[in-house]
There are 2 protein chains.
Amino acid sequence: MSTATRSDWAEEARAALSGAGYRRGGARATVIDALAEQDCAITALDLEEELRRRDEGVGRASIYRALEQLEQLGLLQRIEVCRGTAGYERVEPDGEHHHHAICRDCGRLIPFEDRSLERALAKVADRIGFDASGHDVVLRGLCDRCER
Amino acid sequence: MSTATRSDWAEEARAALSGAGYRRGGARATVIDALAEQDCAITALDLEEELRRRDEGVGRASIYRALEQLEQLGLLQRIEVCRGTAGYERVEPDGEHHHHAICRDCGRLIPFEDRSLERALAKVADRIGFDASGHDVVLRGLCDRCER
DNA sequence: ATGACTGCAAAGCCTTTGCACGCAA
DNA sequence: TTGCGTGCAAAGGCTTTGCAGTCAT
């Protein structure tokens, strides 16, 4: 198990942004803190709503801009959660990550990790000579609640 | 190696549609024939353009509708090729399928197959108790042309 | 003082929907 | 004849961009 914590991620994000020449801005700071607390992928619009509920409202454009910058720096991973809608989640400093099973009925995201899947992915990238910096895996089907 | 051919797929598609109670329509037939010829994923808009070039133009709405119906019947798989844009490709009758490495520089799609990856995916779905009917795998990084 | 950051509104882009007409069955 | 299939145009939904005001450095 990893020893990384969520605040490590926020710390790393701030450092990376600063290193990349970004200034410190209120909206982006709010977005980073909110992302640090998420357990799984969240969409830009859900994030906007959550922040508004907490009275930390941030302009929609600022949210999208922050997400894009963080993704660019390799701090966030973007995944498609519904048709045409993107979700974002932290990329952990130690490389630890998970994938998702997505229920086609209720849309629920079920995160999972699997070592042998990771090994297979690394091997295939090597085999085909592709310099893979990352990968997405999504299982599609019915979750245990919807299956019955 | 599979013995399935592309016309098998078109055949199967027509049969499945007919079995599902769909009538035979010109626009959908054109879309099916065009899909049968593709080597890899194609977007709705690229398909529209290709058909127009061939003077077999089909209304955009009809293309989207056909793609959706075919996906619903399990004859097409939808994958996200660019941010917010979907590509579609045939699901072969024998279950054979491939995945993609996508170059983040030039956007090129490099298809690949891998048995042990498939095994790992099947095992993990089983392990977490998820009734997976399908899966997406995308490797992200730089292709051999852009790496240098 | 300079230039990045922010929020609002407008524009963009892919996709879906409404509707009238045409065609398969 | 019935109602599915089609095409056009309009509407939707998510995301990006333009711009003027604000704030960090």
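Letters A, B, ... mirror the listed sequences (proteins, then strands); counts begin at 1.
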Legend entry - ILVMFWY cluster membership beyond B:Leu45 - transitive side-chain contacts under 4.5 angstrom: B:Tyr64

Inset, instruction - Of all the heavy-atom pairs spanning A:Arg90 and A:Ala36, show the shortest one and how long it is. - result: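 Reported closest heavy-atom pair: NH1-O, 3.3 Å.
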
Legend entry - Check: A:Gln69/A:Arg28 side-chain N/O donor and acceptor closer than 3.5 Å: yes

Legend entry - B:His99 and A:His135: side chain donor to acceptor below 3.5 Å: no

Compile the donor-acceptor pairs under 3.5 Å between side chains in residues 125-134 of chain B and protein atoms, sequence neighbours left out, one pair per line.
from     : atom 1 : to       : atom 2 : distance (Å)
B:Arg127 : NE     : A:Asp114 : OD1    : 3.3
B:Arg127 : NH2    : A:Glu113 : O      : 2.5
B:Arg127 : NH2    : A:Asp114 : OD1    : 3.1
B:Ser133 : OG     : A:Arg104 : NH1    : 3.0
B:Ser133 : OG     : A:Arg140 : O      : 3.3

Inset, instruction - Drop me the distance from A:Leu109's CG to A:Ile42's CD1, to the nearest 0.5 angstrom. - result: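 If we round to the nearest 0.5 Å, A:Leu109:CG and A:Ile42:CD1 are 11.0 Å apart.
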
Legend entry - Of all pairs that satisfy salt bridge (Lys or Arg N to Asp or Glu O under 4.0 Å), the ones with a partner from residues 13-22 of chain B, not counting sequence neighbours: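 Counting only pairs at least two positions apart or across chains, the salt bridge (Lys or Arg N to Asp or Glu O under 4.0 Å) contacts touching residues 13-22 of chain B are B:Glu11-B:Arg14, B:Arg14-B:Asp33.
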
Inset, instruction - Please work out which residues in residues 34-48 of chain A have a non-hydrogen atom less than 4.0 Å from an atom of DNA chain C and list them by number. - result: none

Legend entry - Contact residues, residues 16-27 of chain A to DNA chain C [heavy atom, < 4.0 Å]: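 Contacts with DNA chain C under 4.0 Å: A:Tyr22, A:Arg23, A:Gly25, A:Gly26, A:Ala27.
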
Please enumerate all residues that pass salt bridge (charged side-chain N to carboxylate O under 4.0 Å, His left out) together with [X], with sequence neighbours excluded.
| X | result |
| --- | --- |
| A:Glu68 | none |
| B:Arg23 | none |
| B:Arg119 | none |

Inset, instruction - Give the C-alpha distance, both sets of side-chain angles, the deciding distance and a yes or no for side chain to side chain donor-acceptor pair (under 3.5 Å) between B:His97 and B:Glu118. - result: CA-CA 10 Å; B:His97 65 278; B:Glu118 299 301 326; 3.1 Å; yes

Inset, instruction - Give one of base, sugar-phosphate or nothing for B:Arg60, where a contact means two heavy atoms less than 4.0 Å apart. - result: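 Since a base atom lies under 4.0 Å of B:Arg60, the category is base.
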
Legend entry - Same cluster (ILVMFWY, side-chain, under 4.5 Å), A:Leu67 and A:Ile79: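 Hydrophobic grouping puts A:Leu67 apart from A:Ile79.
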
Legend entry - Joint cluster assignment, B:Ile32 & B:Tyr22, ILVMFWY side-chain distance < 4.5 Å: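 Yes, it is one cluster - the side chains of B:Ile32 and B:Tyr22 are joined through contacts under 4.5 Å.
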
Inset, instruction - With sequence neighbours left out, write down each residue that passes ring pair (Phe, Tyr, Trp, His ring centres under 6.0 Å) with B:His98, or none if nothing qualifies. - result: B:His100

Legend entry - Proximity to DNA chain D (any heavy atom under 4.0 Å), residues of residues 62-69 of chain A only: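 Close to the strand are A:Tyr64, A:Arg65.
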
Legend entry - Neighbours of DNA chain D within residues 70-88 of chain A, by heavy-atom distance under 4.0 Å: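 Output list: A:Gly84, A:Thr85, A:Ala86.
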
Inset, instruction - Walking along DNA chain C from 5' to 3', note the first and the last nucleotide with an atom under 4.0 Å from a heavy atom of chain B, and give both. - result: C:dC14 to C:dA25

Inset, instruction - Output, in order, the C-alpha distance, side-chain angles, deciding distance and verdict of side chain to side chain contact (heavy atoms under 4.5 Å, CB included) for A:Arg108 and A:Arg145. - result: CA-CA 10 Å; A:Arg108 191 158 63 108; A:Arg145 291 183 204 158; 3.3 Å; yes

